[in-house]
Amino acid sequence: MTELISKGGPLVWLLMACMGFSIAIFLERLAYYHRVSMNIGEFLAGLAALIRKRNYAEALQEALATRVPAGRVIHAALLRHHAPREQLKEIVQEAGQMEVPRLERYLGILNAIAHVGPLVGLLGTVIGLLDSFTNLSSANGITTPAEVARGVYQSLITSALGLVVAIPAYLCYAFLSARSRSIMHDLERAGVEIVNLIEDAKATDNIVEFRQASVEENHPQVKGRSRGQRG
């Protein structure tokens, strides 16, 4: 490897730097996605009981304690649980959009490395061939095969190393993009389900109030008794 780097020319160092950046980005994003992933169904099942009891304060604390994108989306909806359904949808949509840049951070750099790697290798190939023909022309067409082979060898090294950098970088980019889309799907699911939970709790309260009012109208003695209890 040391011999290949020394004989590959100056562009080899650029390709090695690109390889180092791609490895660092992959490891950082992999750790981040693992840290922000959560079981949405299990978490919402726990919040459903609190929301049915109208215990929004504890539900807010539970959502805030998760420290993950889905928890922040749920927290934004719970903060304005009194808002109408359409406004709640806008709130969770905006909260989800704010999480997208964090999820896609550095993925553009990884994609750029995957596309630029072969181009840098091709540039090294051209430089190596130019070096061979320059030596050949300076010697008036009389030169040793070793001198010609040196430039060809350099061009082959940079071409191969460009592909070695680009192919894993593109595979890492595809894998991380899939993980990012999966987490975005969880954000959408969390937003839809928390809105439904809040609206179901509101509907339950309205039904209870309607039934209470109907009982008092049909049975005045119950109405008077309830007033006496309040007094």
Give the minimum heavy-atom separation between [X] and [Y], together with the two atoms involved.
{"X": "Ala190", "Y": "Leu44", "value": "CA-CD1, 4.3 Å"}
{"X": "Ala48", "Y": "Leu197", "value": "CB-CD2, 3.9 Å"}
{"X": "Arg80", "Y": "Leu88", "value": "O-CD2, 3.1 Å"}
{"X": "Gly71", "Y": "Met38", "value": "N-SD, 4.3 Å"}

Do [X] and [Y] touch side chain to side chain, with heavy atoms closer than 4.5 Å?
{"X": "Ile74", "Y": "Phe43", "result": "yes"}
{"X": "Ile51", "Y": "Ile194", "result": "yes"}
{"X": "Arg67", "Y": "Val36", "result": "no"}
{"X": "Arg72", "Y": "Leu64", "result": "no"}
{"X": "Ile113", "Y": "Tyr173", "result": "no"}
{"X": "Ile127", "Y": "Thr158", "result": "no"}

Using atom types as modelled and distance alone, determine if a side-chain donor or acceptor of Ser22 lies under 3.5 Å from a backbone N or O of Cys18.
yes
Co-membership, hydrophobic cluster, residues [X] and [Y], 4.5 Å side-chain:
{"X": "Val164", "Y": "Leu171", "result": "no"}
{"X": "Val100", "Y": "Val73", "result": "yes"}
{"X": "Met98", "Y": "Val68", "result": "no"}
{"X": "Ile23", "Y": "Met16", "result": "yes"}
{"X": "Tyr170", "Y": "Leu122", "result": "no"}

List in chain and number order the residues that pass ring-ring contact (aromatic ring centres under 6.0 Å, His included) with Phe26, two or more places apart in sequence or in another chain; answer none if no residue qualifies.
none
Run the ring-ring contact (aromatic ring centres under 6.0 Å, His included) test against His75 and tell me which residues pass, sequence neighbours left out.
none
Determine which pairs satisfy ring-ring contact (aromatic ring centres under 6.0 Å, His included) with at least one residue from residues 76-130, sequence neighbours left out, and list them in order.
Tyr56-His81
For residues 100-121, which residue pairs pass the salt bridge (Lys or Arg N to Asp or Glu O under 4.0 Å) check, not counting sequence neighbours?
Glu99-Arg102
Taking salt bridge (Lys or Arg N to Asp or Glu O under 4.0 Å) as the cut-off, I'd like each qualifying pair that reaches into residues 166-188, sequence neighbours left out, listed once.
none
Results of side chain to side chain donor-acceptor pair (under 3.5 Å) for Arg85 - residues two or more places apart only
Asn196
Which residues pass the side chain to side chain donor-acceptor pair (under 3.5 Å) test with Ser180, sequence neighbours left out?
none
Taking only residues two or more places apart in sequence or in another chain, which ones pass side-chain contact (heavy atoms from CB on, under 4.5 Å) with [X]?
{"X": "Val120", "value": "Leu11, Leu14, Leu15, Val116"}
{"X": "Glu94", "value": "none"}
{"X": "Val126", "value": "Leu130"}
{"X": "Ala166", "value": "Pro118"}

Tell me, with the steps shown, if Leu161 and Val12 meet side-chain contact (heavy atoms from CB on, under 4.5 Å).
CA-CA 7 Å; Leu161 189 57; Val12 170; 3.6 Å; yes
Atom [atom1] of [X] and atom [atom2] of [Y]: how far apart are they, to the nearest 0.5 Å?
{"X": "Ile25", "Y": "Ile109", "atom1": "CD1", "atom2": "CD1", "value": "5.0 Å"}
{"X": "Leu110", "Y": "Glu28", "atom1": "CG", "atom2": "CD", "value": "11.5 Å"}
{"X": "Leu47", "Y": "Ile40", "atom1": "CG", "atom2": "CD1", "value": "10.0 Å"}
{"X": "Ser177", "Y": "Leu103", "atom1": "OG", "atom2": "CG", "value": "11.5 Å"}

Test side-chain contact (heavy atoms from CB on, under 4.5 Å) applied to Ile91 and Gln87, step by step:
CA-CA 6 Å; Ile91 290 170; Gln87 188 174 351; 4.2 Å; yes
Does Arg35 count as lying over the ring of Tyr32, i.e. NZ or CZ under 6.0 Å from the six-ring centre, within 45 degrees of the axis?
no
Applying salt bridge (charged side-chain N to carboxylate O under 4.0 Å, His left out) to Glu193 and not counting sequence neighbours gives Arg189
